[in-house]
Amino acid sequence: MWRSLWRSIDRFSLQHFKHVVNELSSVKHINNQNRELVIDLLQAIVEIVTYGDRQDPLIFECFMECQVMAQFVRILKIARSGRIEAQLLQYLSIMIQNMDSEHAIFYCLSNDYINSIITHQYDFDRGDLAQYYISFLRAVSGKTNRDTLCLLVKVEQDVVVSFPLYCEALKFAHHSEKMIQTAVRALTLNLYNVSNDMVYKFVTTPPVSQYFSNTIHNFREQCSHLDALIDSSKEKLPDQRRKEVQLITDRIVDDLYYFKDVLSIDEPRLSEVVTENLLSLVVFPLLLPFSQLDQRDAWSLSAVTSLYIVSSIIQVVGGKVMVNSVAALLLHPYMKMSVKQHDNVDEPSDENSMIKCFSDVTINNCSDSESEAIGNVNKIYGHLKEYVTSCPQLVSCFEDENFCIKSGGIFASIFSDDHSLVLASLFLLLVLAESADLECWLASMIGLISTPDIAVNKTRAHKISASHVANDSIFSRLIPQISNMLFEVLASQPSLPAPIQWHIGWFLRKLLPFQELTLNDRDFQLFTSSYDQSSERLRTELHGCWFDHILDTLKSEWASCKTAIEKTSQSMDPFFTLEIALCEHISDGGTTSSSAWRRMLDAVKVFILHLQLKIFIFGGDLPENPLPELKRTVDNPGRTHISDLSTSSFGSEVSLGRRRFNFNISMGKTLDQRLNFCPSSLMTKFAFFTVSGIACRISFSDGGVRDIYLLPMAKGISGKLILAEKHPFRHQRGVVIAIAPLAGLSPKIDESHPTWLYLRIRELDPKLNSSKVRGQPSKIFSSLNDGRWVLGFPDAKACDTARTLILEETRKQRSFVESKLAHLLEKGSLGNLCDSQIIT
């Protein structure tokens with residue numbers, strides 16, 4: 001009996017649940033005194049119901065009998081505090097998300113309880129209420145299916161007249177907080193996937209369908225912001241403006257993937273409204289300057305930004321209507337010019353009808369009919385297809401290779417002086433040509449229908465092999481001129497930034513197969529000049545502070561560069577067109593080791609590009625490894641092997657005894673005078689000296705002044721400068737206290753203090769630079785400054801000796817790297833190297 005008085009209450013029992021429900025029912029007013037109590041009651045109810053849904057069916061039966069959902073609605077109406085509203089929405093979200101029983105979900109969505117909670121008048125200016133509200137709506141949408149959808153809509157005469165869950169969520173579609181925007185889009189996709197014909201008609205009919213045009217208007221604003229950012233970023237630092245452009249392009253691509261998700265639902269009405277708005281509000285206004293149509297409604301963005309956006313739309317959104325509409329619009333000016341050049345054309349009305357169709361689509365955003373623009377789009381390439389197949393003069397107009405260039409449009413942009421515009425124009429044409437959605441007759445006009453790595457183009461080429469247009473396509477006739485232009489840009493002086501060279505190489509890799517891999521004398525001369533420039537640039541890096549990483553970088557970047565140059569246009573990120581516009585006039589002249597690392601990396605990548613292009617041009621196969629014989633452990637012939645130094649690390653013991661090293665004869669007299677060795681030993685090619693570790697002192701910020709020994713050592717590709725303290729017990733032994741890479745030390749004696757030796761220490765560790773965004777270094781990588789050691793020696797002669805030893809060991813290390821690269825950097829080797837000569 002007494003034990004029962006002290007028994008703890010089972011908080012998940014049916015009895016306790018009834019008690020909590022009764023407590024909540026007794027609340028008639030909510031004020032500061034009982035507000036926390038109400039919140040605790042709401043939390044307890046949700047916890048017990050969630051438990052009962054899985055463990056105890058009687059609890060949920062009680063939940064329905066007591067009409068607890070109606071109690072929630074009542075509490076919401078009498079609540080005067082945003083805190084009560086926020087907590088109730090949060091608890092309801094948790095309860096609905098964790099419900100597994102279809103019976104429980106059906107009950108919660110019935111009786112208009114959810115709609116009453118959704119349409120309650122909230123004050124969203126209070127704290128984070130909007131986030132809780134949208135989370136609640138998203139939770140409801142996640143539990144909605146085709147059977148329960150009818151519980152959330154109001155239908156009159158087989159027409160949906162109200163859909164609170166959808167309509168209230170759309171009010172937050174363009175909220176300033178990204179998390180809320182994402183939740184709304186997830187909610188809409190959930191509902192689109194479970195909708196029926198009545199709901200589809202509701203969401204695609206004005207005024208509700210205005211959501212799509214508003215979303216695309218917001219997309220337009222993002223694009224305008226991008227264009228303004230690129231234009232104004234010339235005044236900003238390169239890293240800062242690149243980061244800002246990346247952020248805005250990420251948002252643009254996110255929007256495009258949302259449009260793609262909507263189209264993937266494969267509902268014709270949704271596809272029509274999204275495609276129509278994209279075409280009329282974005283694509284056509286952007287491409288009007290390339291079509292030579294009436295440009296009163298043209299969108300005043302730069303050509304590069306316009307081409308980037310359209311290329312991204314084709315890549316991400318795609319679809320037959322989108323791809324073929326873009327292709328038809330781009331080809332329109334050449335159809336128009338061919339008609340004007342031939343007076344014997346009997347039906348110019350077709351061309352005029354085509355122009356009218358374009359004009360109708362560009363102004364259709366004000367039309368009441370959502371499908372009118374789509375009908376006009378179909379007319380556009382319908383007229384164009386009929387015109388292409390019935391106009392024999394079209395072939396002859398393409399025979400004049402200057403015709404397409406002089407007539408303006410996209411092909412005129414290809415021969416622009418603006419490198420970013422050239423590559424952006426070429427990229428859009430390649431994306432169109434390789435799209436599986438491009439119709440055969442349009443593909444035959446553009447050309448590039450036999451790209452070997454695109455299976456769909458093989459099929460397309462077979463279908464139109466008999467077409468009289470296919471053999472005289474616009475692009476195929478211009479390829480020799482385009483290739484020559486690209487070679488000229490590649491060989492221009494001064495050398496262009498690495499991203500531009502790399503993407504020119506990618507385009508050449510794409511276009512050269514259409515010339516059957518043959519270069520004329522002019523193109524070969526240009527490529528030879530560009531190849532020599534890349535070799536000289538790499539040779540210059542042998543005297544930089546990262547020459548010890550050139551071989552490893554060449555090996556590690558070879559595979560990634562091989563993958564990059566063989567990419568299809570569909571997998572290529574069009575962001576490079578904007579990146580080129582940003583970096584075209586930037587030269588990184590920084591003196592820090594991080595800036596030098598970038599220059600070395602760019603030099604290696606550009607050299608790899610030329611090497612791989614050379615192999616491709618001469619018909620060889622790209623090897624997996626350009627330097628297979630390179631091993632870091634191979635000893636350098638003629639060098640003295642010091643085992644304990646080559647494997648030394650922090651805290652290990654090293655020998656401080658006498659060791660040998662050699663000098664060039666040109667240094668003989670000076671070294672003889674300084675170190676007092678017999679001149680007779682200098683009569684041979686090399687002078688050999690025997691010295692021990694050089695004693696000096698160094699001051700650490702946290703360790704005071706310490707007496708140390710300096711030991712520079714180069715062995716093969718590896719080079720170290722070791723600082724060691726004398727071992728307290730072992731004679732001629734020392735303990736390593738610091739190690740620095742030999743490359744990049746740049747030893748310099750202080751002019752005012754000839755016993756002081758300055759050493760630059762590279763703080764950057766390339767192995768740790770794994771945080772990259774679209775190929776750009778991380779912020780930490782970019783902001784690193786070099787360290788510096790100041791060593792003090794007993795006298796000026798010892799200081800000069802230490803400097804000389806460091807330079808000599810550095811020369812040894814550099815000579816080893818040069819020997820491994822010699823066969824790759826030989827001048828005059830272009831044209832007569834096979835694969836085996838390249839890698840051995």
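Inter-residue side-chain proximity for V199 and Y192 is flagged as unmet; no heavy-atom pair is nearer than 4.5 Å. With a 4.5 Å cut-off on side-chain heavy atoms, V274 and V317 do not count as touching. Counting heavy atoms from C-beta outward, I482 and L511 have side chains that approach closer than 4.5 Å. Residues Y166 and V153 form no side-chain contact, since every pair of their non-hydrogen atoms from C-beta on lies 4.5 Å or further apart.
Atom CG of residue D227 and atom OG of residue S306 lie 7.0 Å apart, to the nearest 0.5 angstrom. For the atom pair T275 OG1 and F259 CZ, the distance stands at 10.5 Å (nearest 0.5 Å). Here N145 contributes atom CG and N190 contributes atom CG; the two are 11.5 Å apart, rounded to the nearest 0.5 Å. Between F290 atom CZ and L331 atom CG the span is 13.5 Å, to the nearest 0.5 Å. Rounding to the nearest 0.5 angstrom, the gap separating the CD1 atom in I313 from the CG atom in L279 is 8.5 Å. Of the inter-residue distances, the one linking I117 atom CD1 with L137 atom CG reads 10.5 Å to the nearest 0.5 angstrom.
Between the H503 side chain and the P499 main chain, a donor and an acceptor come within less than 3.5 Å of each other. In terms of modelled atom types and a separation under 3.5 Å, the side chain of R138 and the main chain of A186 share no donor-acceptor contact. Distance alone, capped at 3.5 Å, places no donor-acceptor pair between the Y133 side chain and the A169 backbone. Within the 3.5 Å criterion, the main-chain N or O of V606 finds no donor-acceptor partner in the side chain of Q501. At least one donor-acceptor pair closer than 3.5 Å links the side chain of N324 to the backbone N or O of E439. Judged by distance alone, the side chain of T148 and the main-chain N or O of T144 form no donor-acceptor pair under 3.5 Å. Under a 3.5 Å cut-off, the side chain of R146 and the backbone N or O of N193 do form a donor-acceptor pair. Looking only at distances, a side-chain donor or acceptor of W506 sits under 3.5 Å from a matching main-chain atom of K567. Not a single donor-acceptor pair under 3.5 Å links the side chain of K143 to the backbone N or O of L109. Side-chain atoms of S416 do not come within 3.5 Å of backbone N or O of A412 as any donor-acceptor pair.
Using modelled atom types and a 3.5 Å distance limit, the side chains of N277 and S213 yield no donor-acceptor pair. S312 and Q315 share no side-chain donor-acceptor pair at under 3.5 Å. If you check the side chains of Y258 and T215, you find no donor sitting under 3.5 Å from an acceptor.
The number of heavy-atom neighbours closer than 6.0 Å to CG of D100, taken from other residues, nucleotides and ligands shown, is above 12. Under a cut-off of 6.0 angstrom, the local environment of CD in Q570 is crowded, with over 12 non-hydrogen atoms contributed by other residues, nucleotides or ligands. Within 6.0 Å of CZ in F106 there are 12 or fewer heavy atoms belonging to other residues, nucleotides or ligands.
Between E272 and R269, none of the side-chain N atoms (NZ, or NE/NH1/NH2) sits under 4.0 Å from a carboxylate O, so this pair counts as no salt bridge.
Partner of I309 under the side chain to side chain contact (heavy atoms under 4.5 Å, CB included) criterion, out of L286, I314, T249: L286 alone.
The two residues I410 and S425 come nearest to each other via the heavy atoms CD1-CB, 3.8 Å.
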Q | S560/E557 under side-chain hydrogen bond (donor to acceptor under 3.5 Å, both in side chains): CA gap, chis, key distance, verdict | A | CA-CA 5 Å; S560 60; E557 292 293 334; 3.2 Å; yes
**Q.** Pair C223-L301, side chain to side chain contact (heavy atoms under 4.5 Å, CB included): steps then yes or no
**A.** CA-CA 8 Å; C223 296; L301 297 187; 4.2 Å; yes
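For F136, the ring-ring contact (aromatic ring centres under 6.0 Å, His included) criterion is met by no residue, not counting sequence neighbours. Residues that satisfy the salt bridge (Lys or Arg N to Asp or Glu O under 4.0 Å) test with D255, not counting sequence neighbours, are R185.
Classified by interplanar angle (parallel below 30°, tilted 30° to 60°, perpendicular above 60°), the ring pair F576/F427 is perpendicular. Between F163 and F202, the ring planes are tilted. Angles from 30° to 60° get that label.
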